[in-house]
Asks: 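Below is a structure I'd like to ask you about.
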Amino acid sequence: MMRALGSALMIFAAPVAAQVPAPPPAPPVAQPAVWNPAAAYITVDQDEPSYRSWYLAAPFRAAHVKSFNDYLVANQVGGIVPTWQLLRTASSWQSCGAQPFEIPPTEAWPHIVQTLRYIHDYVIPALGPVEPVSAYRNPSLNVCAGGAPESAHKAYSAIDMVPLRPITREAMMRTLCGDHSAHGEGYHAGLGFYAFMRFHVDSTKYRRWNMDPAVAAECPPIVHPEDIASVGQPLPSADPLAPMAQPAPVAAAPAIQPERGQPH
């Protein structure tokens with residue numbers, strides 16, 4: 001009987017495992033959007049792997065690219081941005097039946113030197129690294145892409161680029177405009193702004209265009225009547241891409257837009 005009583009006591013004394021329901025799975029953590037403003041302006045066929053394929057597709061290109069790179073190095077502007085990015089043509093190259101990359105004529109090479117010097121001296125120190133999305137456009141491509149009749153891209157004096165560090169559009173404009181006001185004239189630098197984070201630098205003539213209203217008062221346009229054929233047309237004042245948050249989450253880049261309607 002004592003053994004039976006002890007067994008009963010052990011049964012009642014044994015802890016009972018609580019039937020606690022499993023916690024619900026944690027909701028997925030939202031990942032911040034990747035800052036990649038260049039994606040709005042380049043296609044998959046203008047990325048680095050595609051450049052390598054383009055480079056290897058024609059035997060003569062290796063020698064021409066080497067000559068161009070050697071020219072940049074000799075003029076102390078090599079490596080400011082990757083050389084292959086300086087060969088990108090236009091965002092609308094496909095619809096225009098053009099090449100995604102093109103080696104400019106040798107007589108045009110001197111025109112890009114001063115532009116790269118200005119980028120080295122005043123753009124990169126202010127914004128950090130930049131990525132060129134459009135540089136040389138041959139005359140036929142410039143017409144098809146909606147470029148200005150006297151576009152500096154035809155002479156290979158212009159580079160359109162985007163910043164690689166997160167920044168708001170307004171802050172980018174203020175920063176670049178300040179340096180352009182202080183130093184641009186000495187470089188004959190042109191500075192223009194387009195949709196999203198794309199901006200233009202050339203060394204054709206000191207001028208400035210397409211500032212958003214928020215910065216135009218402190219950084220007014222500098223465009224004379226004789227400059228109209230070489231600069232872009234104003235963007236709508238209510239640019240839906242302008243109020244972009246900084247630094248994260250970053251608004252998604254817009255779909256690739258052709259240059260048409262934004263000639264420069």
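Each residue takes its place number in the sequence, starting with 1.
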Asks: Listed by chain and number, what are the salt bridge (Lys or Arg N to Asp or Glu O under 4.0 Å) partners of Glu107, not counting sequence neighbours?
Replies: none
Asks: Any salt bridge between Asp212 and Arg174, counting N to O under 4.0 Å?
Replies: no
Asks: State whether a side-chain donor-acceptor pair under 3.5 Å links Tyr41 with Asp160.
Replies: no
Asks: Show the nearest heavy-atom pair for residues Glu170 and Ala214, with the distance to one decimal.
Replies: OE1-CB, 3.6 Å
Asks: Can you check side chain to side chain contact (heavy atoms under 4.5 Å, CB included) on Val201 and Tyr122, steps first, answer last?
Replies: CA-CA 11 Å; Val201 171; Tyr122 295 108; over 6 Å; no
Asks: Given His180, which partner from the list Phe193, Tyr206, Trp209 fulfils the ring-ring contact (aromatic ring centres under 6.0 Å, His included) test?
Replies: Tyr206
Asks: Compute the centroid of each ring, for Tyr156 and then for Trp109, and state whether the two points are separated by less than 6.0 Å.
Replies: no
Asks: Other residues, nucleotides and ligands only: do more than 12 of their heavy atoms fall within 6.0 Å of CD on Gln76?
Replies: no
Asks: Where the side chain of Asp179 meets the backbone of Gly184, is there a donor-acceptor pair that is under 3.5 Å apart?
Replies: no
Asks: Applying a strict under-4.5 Å side-chain criterion to I, L, V, M, F, W and Y, I'd like to know whether Trp54 and Tyr136 cluster together.
Replies: yes
Asks: Side chains of Asp47 and Ser50: donor-acceptor distance under 3.5 Å anywhere?
Replies: yes
Asks: For Val65 and Tyr51, what are the C-alpha separation, side-chain angles and deciding distance, and is it a side chain to side chain contact (heavy atoms under 4.5 Å, CB included)?
Replies: CA-CA 12 Å; Val65 170; Tyr51 164 74; 3.5 Å; yes
